[in-house]
Number of protein chains: 2
Amino acid sequence: MAESGGRSGDEAMCPYRLVLEHVTSRWGVLVLIRLLERPHRFSELRRAIGEVRQVSEKMLTQTLQTLERDGFVHRDAQPVIPPRVDYSLTDLGREAAEQVRSLALWTERRMGEVEQARKAYDEARA
Amino acid sequence: MAESGGRSGDEAMCPYRLVLEHVTSRWGVLVLIRLLERPHRFSELRRAIGEVRQVSEKMLTQTLQTLERDGFVHRDAQPVIPPRVDYSLTDLGREAAEQVRSLALWTERRMGEVEQARKAYDEARA
DNA sequence: CTGCATCCTCAGGGATACTG
DNA sequence: CAGTATCCCTGAGGATGCAG
């Protein structure tokens with residue numbers, strides 16, 4: 001969201017818009033798409049996302065917590081040493097993730113048209 | 001997008017993710033949904049969005065410019081005084097907007113489950 | 001390994017004033 | 001009315017260090 005998982009300054013708007021911002025946030029999108037594929041451990045998820053765009057440990061934690069709190073992500077912490085935590089999608093999360101992924105795929109498919117539009121736009125002012 | 005229409009610091013990632021962030025950005029979402037309904041003039045759009053969450057003139061301009069450059073929004077500036085500018089969706093923009101709206105509506109429908117999940121989450125640590 | 005806490009930077013974005 | 005230009009501040013988010 002304009003924000004990722006932050007919970008600040010969120011009081012002055014309709015509640016569902018907040019959830020939407022969590023889901024469509026920079027890191028939220030990537031997390032949901034990755035988890036749609038299969039469950040991931042924390043650092044596994046971090047590496048997987050890193051292929052696209054590096055995410056800090058802090059932001060990943062924050063994003064996962066927000067998505068967990070909203071009921072999209074299930075967190076399974078095993079009490080072993082060293083710690084092992086697996087993240088997966090809930091049914092609700094899967095529904096959200098599928099829509100997000102479909103939007104992402106659509107965008108990818110349409111990149112040609114977007115780049116063409118940009119070229120036209122940029123040339124029209126030179 | 002964590003960002004709205006800004007074009008800064010955008011170089012270090014795959015291009016389609018940028019477009020996705022434009023579309024799912026705080027103001028991008030609201031603009032697209034409003035324009036899906038019908039074309040709007042600038043300040044008309046600003047008022048319409050203001051019902052949900054106040055947007056500054058600057059951010060609305062920036063968002064519209066980004067969406068226009070990406071080929072989602074069509075800008076029709078009439079050379080009259082006082083100026084009159086109408087914004088509408090292109091075919092590409094309509095496709096994007098429909099997906100965004102459907103995600104927004106889904107979120108709205110699921111708010112009950114989200115709030116329930118939050119309650120459970122919050123209670124589990126008190 | 002998985003987190004939480006702290007500090008710090010920088011850019012997203014609001015407020016204001018000015019132009020055509 | 002529809003922008004453009006400036007200034008300024010908050011907070012998203014990275015870096016680092018520590019704990020379980």
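In what follows, chains carry the letters A, B, and so on, assigned in the order in which the sequence lines appear, proteins first and then strands, with residues in each chain numbered from 1.
- Residue B:Gln65 places no side-chain N or O under 4.0 Å from the OP1 or OP2 atom of D:dG3.
- Counting only heavy atoms from C-beta on, B:Thr61 has its side chain closest to D:dT4 among D:dG14, C:dC4, D:dT4.
- Atom-to-atom, CZ of B:Arg41 to C1' of D:dA2 comes out at 9 Å; the value is rounded to the nearest Å.
- Between B:Asp76 atom CG and D:dA2 atom P the separation is 12 Å, expressed in whole Å.
- A cation-pi arrangement, defined by a distance under 6.0 Å to the six-membered ring centre and an angle within 45 degrees of its axis, is absent between A:Arg46 and A:Phe42.
- Closest to the side chain of B:Glu57, out of C:dC1, D:dG3, D:dG13, is D:dG3.
- Straight-line distance from the CZ atom of A:Arg26 to the P atom of C:dA11: 11 Å, rounded to whole Å.
- Ionic pairing of A:Glu44 and A:Arg38 is present here: one or more N-O contacts between side-chain nitrogen and carboxylate oxygen are shorter than 4.0 angstrom.
- One interatomic measurement links the two molecules: CG of B:Leu60 to P of C:dG12, which rounds to 17 Å at whole-angstrom precision.
- Note on A:Pro82: only backbone sugar-phosphate atoms sit closer than 4.0 angstrom, heavy atoms only; bases stay farther off.
- Side-chain proximity of B:Tyr87 to D:dG3, C:dT2, D:dC1: nearest is D:dG3.
- Within the 4.5 Å cutoff, side-chain heavy atoms of B:Glu95 are placed close to those of A:Arg110.
- In terms of phosphate contacts, B:Arg75 brings a side-chain nitrogen or oxygen within less than 4.0 Å of OP1 or OP2 of D:dG3.
- With rounding to whole Å, B:Gln78 atom CD is found 16 Å from C:dG20 atom C1'.
- Annotation for A:Asp122: atom CG counts as buried by contact number, over 12 foreign heavy atoms lying within 6.0 Å.
- Computed from coordinates, the B:Gln62 CD to D:dA2 P distance equals 18 Å when rounded to whole Å.
- If you check distances only, the side chain of B:Glu44 never reaches the base of D:dC1 with a donor-acceptor pair under 3.5 Å.
- Comparing atom distances between the A:Ser43 side chain and each of D:dG14, D:dC1, C:dT2 picks out C:dT2 as nearest.
- Within the 4.0 Å cut-off from OP1 or OP2 of C:dT2, not a single side-chain nitrogen or oxygen of A:Arg84 is found.
- Considering only side-chain atoms of A:Lys58, the nucleotide from C:dG13, D:dA15, D:dC1 that sits closest is D:dA15.
- Between B:Arg34 and B:Glu37 there is a salt bridge, since a side-chain N of the basic residue sits under 4.0 Å from a carboxylate O of the acidic one.
- Atom CD of B:Glu98 has more than 12 heavy atoms from other residues, nucleotides or ligands within 6.0 Å.
- Atom CE in B:Met59 sits about 15 Å away from atom C1' in D:dG3, given to the nearest Å.
- If you check residues 29-38 of chain A against DNA chain C, you find no residue with a heavy atom closer than 4.0 Å.
- Atom pair B:Ile49:CD1 and C:dG14:P shows a separation of 12 Å (rounding to whole Å applied).
- No side-chain heavy atom of A:Asp70 sits under 4.5 Å from any side-chain heavy atom of A:Leu92.
- If B:Val85 and A:Pro83 are placed on DNA chain D by their nearest nucleotide, the residue sitting closer to the 5' end is B:Val85.
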